There are 4 protein chains.
Amino acid sequence: MSKTEKLYDKEKKRINIMQAALKIFSRKGYSPAAVDEVVREAGIAKGTLYLYFQDKEDLFFSTIMYVFDNLASNMESNINESANPLEILESLAFCQLQFFSQNRDFFGIFQTVLNENLLSTHKKMFNEILKKKMGLLDYESKIVDRGKREGFIRKDIETQDIVISFDGMVGNTIKLMGCSGDPVAAVNVENRVKSIMKILLQGVADKKGWA
Amino acid sequence: MSKTEKLYDKEKKRINIMQAALKIFSRKGYSPAAVDEVVREAGIAKGTLYLYFQDKEDLFFSTIMYVFDNLASNMESNINESANPLEILESLAFCQLQFFSQNRDFFGIFQTVLNENLLSTHKKMFNEILKKKMGLLDYESKIVDRGKREGFIRKDIETQDIVISFDGMVGNTIKLMGCSGDPVAAVNVENRVKSIMKILLQGVADKKGWA
Amino acid sequence: MSKTEKLYDKEKKRINIMQAALKIFSRKGYSPAAVDEVVREAGIAKGTLYLYFQDKEDLFFSTIMYVFDNLASNMESNINESANPLEILESLAFCQLQFFSQNRDFFGIFQTVLNENLLSTHKKMFNEILKKKMGLLDYESKIVDRGKREGFIRKDIETQDIVISFDGMVGNTIKLMGCSGDPVAAVNVENRVKSIMKILLQGVADKKGWA
Amino acid sequence: MSKTEKLYDKEKKRINIMQAALKIFSRKGYSPAAVDEVVREAGIAKGTLYLYFQDKEDLFFSTIMYVFDNLASNMESNINESANPLEILESLAFCQLQFFSQNRDFFGIFQTVLNENLLSTHKKMFNEILKKKMGLLDYESKIVDRGKREGFIRKDIETQDIVISFDGMVGNTIKLMGCSGDPVAAVNVENRVKSIMKILLQGVADKKGWA
DNA sequence: TATGAATGAGCTTTCATTCAT
DNA sequence: CATGAATGAAAGCTCATTCAT
């Protein structure tokens with residue numbers, strides 16, 4: 001076996017372990033998840049895990065990053081930078097919803113890690129992840145600003161408020177999608193995106209609501 | 001001292017402990033928070049805690065419920081049932097934002113507890129809390145439905161989608177309020193509610209966005 | 001029970017644990033000794049040990065210091081500072097031999113701890129102990145110097161060489177006392193001290209040896 | 001390549017590994033030294049070590065024996081059996097001091113291994129090594145006895161006491177030589193031997209000390 | 001023969017819970 | 001009622017040893 005193949009093999013094994021870790025961490029969160037459970041899920045011995053990861057925290061950190069990177073590359077390949085700003089926002093919503101609907105386990109771990117209070121002891125990791133999350137918000141801000149300049153988005157609402165609202169609508173949809181546990185919920189992704197965009201753009205007011 | 005006064009005393013002590021627990025759980029989450037820290041914060045002996053609560057889980061559960069009930073009574077006293085549906089939604093947003101902006105610690109624990117994945121081991125508690133959370137969503141659904149009937153809210157968007165969006169906008173605002181750590185952010189609550197309602201009702205689209 | 005009595009009690013318990021630790025550490029050295037063995041020997045639960053000592057290293061460190069202090073106070077109470085320098089040296093030898101003959105377990109741990117190579121990972125402790133050991137050598141140096149000034153000890157041999165030799169004679173006697181495992185060896189302490197002093201002072205040369 | 005050459009090669013590899021082991025064991029002692037460190041130092045794979053040694057204990061044992069044999073052959077080639085007893089003792093001291101001053105690493109491992117308490121779990125090894133050590137003491141005893149018979153050494157001091165003292169003087173000099181870490185200390189070996197012999201033979205007493 | 005990834009028993013340490021005072 | 005010392009199950013992690021390549 002060549003050296004390249006070996007490296008590839010090692011990476012595949014790391015990923016196998018991270019996928020097991022993801023399942024456990026998603027179900028239980030960080031602290032209550034035992035390394036023993038992860039290695040049982042991964043079908044390896046305890047010592048083996050420590051050949052691939054420094055410690056439990058590194059395993060958690062790496063797993064999160066792995067998921068993030070999956071999501072990021074998923075987004076990158078789905079977003080057409082030259083599209084109009086509203087289409088880009090729609091793509092962002094669609095990518096996130098589809099990604100999490102197809103990777104149910106992933107969201108739990110996100111919620112865990114983005115809750116800063118859990119992470120006062122994992123500063124390094126938290127900062128790196130917050131940076132990534134903030135990166136998404138920044139990107140959305142730029143899109144919204146462009147939308148304003150190009151006449152797609154009204155200028156009398158703070159960009160920040162728009163982004164927080166949009167992000168919250170998408171995030172809450174994901175969260176409640178996860179709650180239902182409904183395996184066919186995936187098919188509704190397109191409809192849900194449509195609804196989110198309709199609300200975001202046109203609002204929910206009827207005649208009297210515009211008063 | 002009368003029997004009633006004694007009971008009152010006992011309840012005051014329970015509350016004192018729960019307030020200490022809240023601080024600790026908010027800062028650290030459930031598992032990493034040590035009972036030792038709670039009793040130190042509360043200024044009592046470790047054994048004493050177990051006179052008032054069955055175990056750590058019961059302490060957590062009770063603390064969450066205590067906070068929920070605080071929020072609920074806060075809402076009840078602020079909402080005018082006879083107001084129009086949009087005003088009620090605005091009140092709901094306002095109450096939540098104000099409550100959490102004044103009780104920063106409270107939100108962390110909420111995030112923790114509402115992440116179902118953390119709670120597979122605390123089924124009993126989770127169900128009760130989910131019931132409360134769903135209670136709020138149900139209430140919002142009823143308001144939205146009334147809004148539709150009374151001509152305030154357009155009928156071509158699913159009530160569920162509206163509620164999820166609204167709830168997400170409010171929740172994300174709270175979450176990011178917590179992130180900033182900005183002590184004067186509290187003063188913006190009214191503005192933020194205004195933004196949320198404007199987006200929810202009228203949407204963010206400009207000319208081209210309505211195409 | 002008064003507060004003073006409680007403190008006294010706590011100290012007695014610490015000592016009880018250190019005595020158990022001494023037995024185990026003496027038999028096995030630091031690393032191979034399991035905390036489990038110590039707590040079994042002490043008749044306590046594992047957690048209890050950690051109420052009295054920060055960690056295994058602290059237990060080891062404290063135990064060594066406890067022994068050192070025992071030896072030191074034993075010496076202090078046996079040495080008459082106003083005696084002539086040779087008598088003081090004799091007392092020093094006698095105290096050490098007697099102490100270790102009565103506390104066989106103690107010597108093994110001394111050998112372990114004074115072997116610097118074992119301690120590269122326990123710098124803090126090692127330095128403190130080396131300081132104590134060097135303190136004894138310094139004290140002996142001063143006595144020898146006084147002996148030279150007062151005409152008891154010849155001036156043509158370096159003080160350092162004398163001290164190292166004296167210390168080595170005493171130390172090796174202790175070491176081999178420990179080897180024999182002979183329980184009645186204790187009675188010979190006085191004879192052994194006499195021999196050491198005779199050799200140290202007069203040397204072993206016969207007629208031809210003085211050539 | 002002939003069969004003899006192959007065997008020779010194998011032995012060279014064993015020695016290479018033992019030299020690496022010596023460095024590591026000397027620095028850290030037995031337990032804290034990791035097999036990993038030894039193989040890294042030796043530049044071989046972990047599995048390879050187990051082709052040459054049964055287990056870690058065997059590696060340690062063999063390494064000690066290797067050093068002992070080095071010292072022994074060093075002594076044998078330096079000692080003139082027909083010299084007078086005092087010269088032989090001087091040679092013994094000189095050989096040991098010189099050997100360890102030139103092989104600083106060696107002494108640490110000696111201290112470790114000669115501390116019987118560390119070795120209750122390595123009985124087999126301990127006995128073999130004790131036998132060698134006692135062999136040296138026995139040899140010294142014979143020399144001292146001959147010295148008594150031939151009129152070099154006074155007869156009123158037990159041979160055993162003389163040997164223990166001599167051995168202790170030499171051993172402590174080596175130990176403190178190691179402590180200082182002084183790289184030029186090596187040059188003093190001759191002076192130190194002279195001092196040891198002077199003290200051993202003539203004693204340190206001045207006029208009043210002979211009283 | 002040489003390799004080094006995999007193993008799992010065994011280690012130190014933590015912490016929710018109990019109970020004699 | 002209140003205390004806090006004692007408990008021991010369970011956690012994270014290490015490392016001597018094996019074995020398929």
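Letters go in sequence order (proteins before strands), and every chain restarts at 1. Everything numeric here is computed off the predicted structure, so don't read it as measured data.
- Near DNA chain F, meaning a heavy atom under 4.0 Å from it, residues 36-52 of chain B has B/Ala45, B/Lys46, B/Gly47, B/Thr48, B/Leu51, B/Tyr52 in order of number.
- Note on residues 15-24 of chain C: pairs passing salt bridge (charged side-chain N to carboxylate O under 4.0 Å, His left out), not counting sequence neighbours, are C/Lys23-C/Glu41.
- Taking A/Asp36 as the reference, A/Lys46 meet the salt bridge (charged side-chain N to carboxylate O under 4.0 Å, His left out) condition, with sequence neighbours excluded.
- Within the structure, every side-chain polar atom (N or O) of C/Lys56 is placed at least 4.0 Å from both OP1 and OP2 of E/dC11.
- In this structure, C/Lys10 reaches neither bases nor backbone, as no heavy-atom distance under 4.0 Å exists between it and the strands shown.
- Scanning for side-chain contact (heavy atoms from CB on, under 4.5 Å) contacts around D/Lys13 gives D/Tyr52, with sequence neighbours left out.
- Residues forming a side-chain hydrogen bond (donor to acceptor under 3.5 Å, both in side chains) with C/Gln19 (at least two apart in sequence, or on another chain): C/Tyr66.
- Taking a pair as Watson-Crick or G-U wobble with both distances under 3.5 Å, DNA chain F forms stems of 3 or more consecutive pairs at E:2-21 with F:2-21.
- The separation between A/Ile24 atom CD1 and F/dA11 atom P is 13 Å, rounded to whole Å.
- Qualifying side-chain contact (heavy atoms from CB on, under 4.5 Å) partners for B/Ser62, counting only residues two or more places apart in sequence or in other chains: B/Arg14, B/Met18, B/Phe53, B/Asp58.
- Between C/Tyr30 and C/Phe60, the two ring planes are tilted [angle within 30° to 60°].
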Check against salt bridge (Lys or Arg N to Asp or Glu O under 4.0 Å), B/Glu37 and B/Arg27 | CA-CA 11 Å; B/Glu37 294 175 278; B/Arg27 270 206 279 277; over 6 Å; no
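- The CD atom of D/Glu57 sits 16 Å away from the C1' atom of F/dC15 (whole-angstrom rounding).
- Looking at residues two or more places apart in sequence or on another chain, you find a salt bridge (charged side-chain N to carboxylate O under 4.0 Å, His left out) between A/Lys132 and A/Asp69.
- Toward the 5′ end of DNA chain E lies the nearest nucleotide of C/Asp55, the other residue of the pair B/Asp55 and C/Asp55 mapping further downstream.
- Residue D/Glu11 contributes atom CD, which lies 14 Å from atom P of E/dT1 at whole-angstrom precision.
- The nearest heavy atom of DNA chain F to A/Ala34 and to D/Ser31 marks one nucleotide each, and the one closer to the 5' end goes with A/Ala34.
- With sequence neighbours excluded, no residue forms a side-chain hydrogen bond (donor to acceptor under 3.5 Å, both in side chains) with C/Tyr50.
- Atom CZ in C/Phe53 sits about 15 Å away from atom P in E/dT12, given to the nearest Å.
- A/Lys13 has its NZ atom 11 Å from the C1' atom of E/dG4, to the nearest Å.
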